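Scroll down for the structure; my scribbles are underneath it.
Hydrogens, waters and symmetry mates play no part in the numbers below; they use all other heavy atoms, side chains included. Just so you know, these numbers come straight off a predicted model, no measurement behind them. Order of the sequence lines fixes the chain letters, A, B, ..., with proteins taken first and strands second; residue numbering starts at 1 for each chain.
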Amino acid sequence: MADTVIRVEGLGKRYHLSHRQEGYVALRDVIAEQARSIGRRLLGRGAAPQEDGEEFWALRDVSFDLRRGEVLGVVGRNGAGKSTLLKTLSRITEPTEGRVRIGGRVASLLEVGTGFHPELTGRENVYLNGAILGMSRAEIRGKFDEIVAFAEIERFLDTPVKRYSSGMYVRLAFAVAAHLEPEILLVDEVLAVGDAAFQKKCLGKMHSVAAREQRSVIFVSHNMAAVTALTTRTILLGGGRVEKMGATADVVAFYGVALAQAPGASDAGSRGKHTRICAVDLFDQAGVRLRQYASGTPLTVEVEVETDGSPNLSLEIMLLDPDQGRLGLFSLWQFFGESLPARAGRYRVRVPLDGMWLAAGAYFMNVTTSVADVEWDHYVEHAARVEVPFSNPYGRTWDFRHSLGFGPLALRCKSTPSISTIGAQQAT
Amino acid sequence: MTQPVEELVLEAGRTERHYWRDLWRYRELLYILAWRDIAVRYKQTAVGVAWALLQPLAQMLVMVVVFSKVAGLPSDGQAPYALMVFAAMLPWQFFASAISSSSASIVGNANLISKVYFPRMLIPAAAVVTSVVDFLISFAILVALMLWYGYAPGWRMLTLPLFMALALLAAFGPGLLVTALNTEYRDFRYVIPFIVQFGLYVSPVGFSSTVLRERFGEAFFLLYSLNPMVGVIEGFRWAILDGQAPLHAPALTLSILLSLAFLLLGALYFRRLERSFADVI
């Protein structure tokens, strides 16, 4: 293991579906079952029938190495096993089979602001969160000023974080995380929230730490641009197995093709903490369910969502281009200051979008609910597919295809461009 | 990093090797978790402190009325009955609050369990430490009571920390046990208030243990001392009432042994279930 800091061999993790769906095991059931099986044995009817709850392998036969100083990307659809992989590597859950060897101090960042307590002040939360992420008090004290300056919240240090705006909250949480200095850092989709400038600052900080001090990072993300920018090697997980592993550019391209061929993802059974996105449908301007999008026409997205009635729940829609780059955002909270009704129930959100001149190609929408833009709640990747068979901007016959390499969008003019003369040669 | 990198191996059924060392390494998290619970409790309400004061005082008054005035039981030696009851109420309150708060602690910290690794035992341990703070607050009442009755403490008071340590020992073992049970089997939480209620009357809180020994004999008393809290309570009374209450050595030894056995059992059971906490929570 000279230059390998993590070696994963044949890793597998099995869950029992029956447990997950029914929630918890009740003691009274266990006692009743025990009594029944004792009774059966006394009556000589043989052993109790084995409980055959459905099994589900969240990970299977996963093997790879992480080298010193390497930033390794992990991509894949929802339910591909990315989070389970990180949870196993960070010792939150035990593997069912296989083996992981780790040579170095590991810190995992599976969520922004883990353990933040709303009643405590910013200062107190820095210590709390730092300790939870594995920093010693001396270490936190040494970096305290740096963390506060990084988060840009000096004036609010002694205010309880429940009075923070969501932006301040996220910045403070990021700042603590960005100053972690383990030998191995495991990062889940935590950088998906927060404003872009700050995200960049965090990524930059992690990147420089990795490069300068030979620290290793495993980076899980839905954001292909970030994966491409940060990592050199990437693993594509699918159905708990390694589908492809190799140079990031190859894997990302392969993933993009695989997605375009697959039908719209359905995440039956998955849900967030507070909400569940039940259905996502697209309609054209006549109100007919959309099969193919006529470029330039209005488009309505209908999202059916169940909520537990928590306040400040927002809905976001992200439009992805055929390269899985992020093309556009809709946010209920940020754009309209609205949130889902704070009463438990099932609601339909209609989002009437204006026409977009998309280049011909296959686009996807990621739909997610979030808690006041701080944390994703139910994130459904590729919830809807928008197929653009052809694109004729301005009603001309030229087919604007995405594959031409001009990008996904034809720019929309308010009127026909005018041409006026500034100075022209005399006609001869 | 100057220390040599050591290899950690993760495999099914093989997480224990570094556990006890990890527990030591993460000790600062224990302080911080305990501090968080205390800070939050006393920040949210001024009633927090008042509650810690009021509850044992009210319970003490009820005990005095029932056991001394109604049942006519004698106190230990010359000690005022109220003081005798309160000397037992202190460790009992601590025990009860340690059990109930640790049992709910893992479920209450589900967000941490599912997102970060650390030895899970720190969470119930922090809950027990939090109960120590409540204990210190109620200790102020004891001081006030002693002033009120003009009851001077003697040298035996200096041994109180030892008995406090015994109380910690007695609370942590069962605490771990109920924490693990409560996390694995969510309906177990209905059993806990019952255990705590029942324990209050089974333990010699409202009455002197001398009364039991005199009425039912030594053999019965030894059996009775299988309740670890008997030794703790006797010790507290002996130390606080300065020898007005006797210290029964065999009973104390039995309580200590039982507490150790419970701690071992609790720790083993907790360790066994702990691995699946993140999956069941």
Side-chain angles (χ1 to χ4, degrees), chain A residues 1 5 7-8 11-13 15-16 19-20 23-31 87-111 114-121 124-125 127-128 130-138 160 183 188 273, chain B residues 1 3-16 18-19 22 25-33 35-37 39-45 107 109-120 122 181-191 274-281:
Chain A
M1 307 247 302
V5 288
R7 169 160 291 166
V8 178
L11 188 67
K13 174 72 189 176
Y15 285 105
H16 290 281
H19 286 200
R20 301 176 101 209
Y24 311 109
V25 188
L27 187 59
R28 64 178 135 73
D29 295 343
V30 175
I31 292 173
K87 282 188 176 183
T88 312
L89 295 183
S90 50
R91 302 166 74 187
I92 291 165
T93 181
E94 202 189 29
T96 311
E97 60 176 35
R99 175 186 297 186
V100 182
R101 293 157 177 278
I102 299 174
R105 196 170 79 133
V106 177
S108 52
L109 198 55
L110 306 193
E111 181 187 57
T114 301
F116 259 43
H117 199 290
E119 295 290 339
L120 299 179
T121 66
E124 291 165 335
N125 269 308
Y127 279 93
L128 177 63
I132 286 168
L133 293 175
M135 289 196 234
S136 71
R137 254 187 307 182
E183 286 144 44
D188 204 348
K273 217 186 293 178
Chain B
M1 282 288 137
Q3 66 194 65
V5 178
E6 53 189 83
E7 195 183 73
L8 173 75
V9 179
L10 307 181
E11 257 179 334
R14 192 186 160 162
T15 33
E16 42 265 77
H18 302 275
Y19 194 78
D22 273 357
R25 202 174 277 168
Y26 277 86
R27 65 192 180 279
E28 286 194 347
L29 186 56
L30 171 67
Y31 311 144
I32 291 208
L33 288 175
W35 162 82
R36 175 197 68 179
D37 290 346
V40 167
R41 178 125 54 104
Y42 293 113
K43 208 170 255 194
Q44 266 168 338
T45 63
V107 180
N109 283 293
N111 59 331
L112 294 188
I113 301 282
S114 59
K115 297 292 181 196
V116 213
Y117 168 79
F118 52 85
R120 306 312 190 199
L122 289 177
L181 280 168
N182 194 41
T183 310
E184 189 77 6
Y185 309 112
R186 290 304 168 80
D187 53 347
F188 192 75
R189 70 194 150 104
Y190 303 114
V191 184
E274 177 188 39
R275 290 188 215 128
S276 59
F277 279 175
D279 298 336
V280 297
I281 214 155

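- Taking 4.5 Å as the limit, some side-chain heavy atom of Arg91(A) sits within range of a side-chain heavy atom of Leu8(B).
- A salt bridge links Lys13(A) with Asp279(B): the distance from a Lys NZ or Arg NE/NH1/NH2 to an Asp or Glu carboxylate oxygen falls below 4.0 Å.
- Of the atoms belonging to Lys273(A), not a single heavy atom falls under 4.5 Å from chain B.
- Contact of Ser276(B) with chain A is not made at all, since no heavy-atom distance falls under 4.5 Å.
- Heavy atoms of Ser136(A) lying under 4.5 Å from chain B belong to its backbone as well as its side chain.
- Residue Leu11(A): no heavy atom, backbone or side chain, is found under 4.5 Å from chain B.
- For the pair Arg120(B) and Glu274(B), the salt-bridge criterion is not met [side-chain N within less than 4.0 Å of a carboxylate O].
- Interface residue Ser90(A): only backbone heavy atoms are found under 4.5 Å from chain B.
- When heavy atoms are compared at a cutoff of 4.5 Å, Asn182(B) does not approach chain A at all.
- Between chain B and the residues Thr88(A), Val8(A), Thr93(A), the most heavy-atom pairs under 4.5 angstrom are made by Thr93(A).
- Top candidate by heavy-atom pairs under 4.5 Å with chain B, chosen from Leu133(A), Thr114(A), Val106(A), is Thr114(A).
- Residue Leu122(B) does not touch chain A at all, counting heavy-atom pairs closer than 4.5 Å.
- Under the ring-ring contact (aromatic ring centres under 6.0 Å, His included) criterion, Phe277(B) pairs with Phe270(B), sequence neighbours left out.
- Every residue two or more places apart in sequence or in another chain that forms a side-chain contact (heavy atoms from CB on, under 4.5 Å) with Asn109(B) is listed here: Arg36(B), Leu112(B), Ile123(B).
- What you find for Asn125(A) and Phe116(A) is that their closest heavy atoms are OD1-CA, 3.4 Å.
- Interface check for chain A: of the options Phe188(B), Tyr26(B), Phe118(B), Trp35(B), the most heavy-atom pairs under 4.5 Å are formed by Trp35(B).
- How far OG1 of Thr121(A) is from OH of Tyr127(A): 10.5 Å, rounded to the nearest 0.5 Å.
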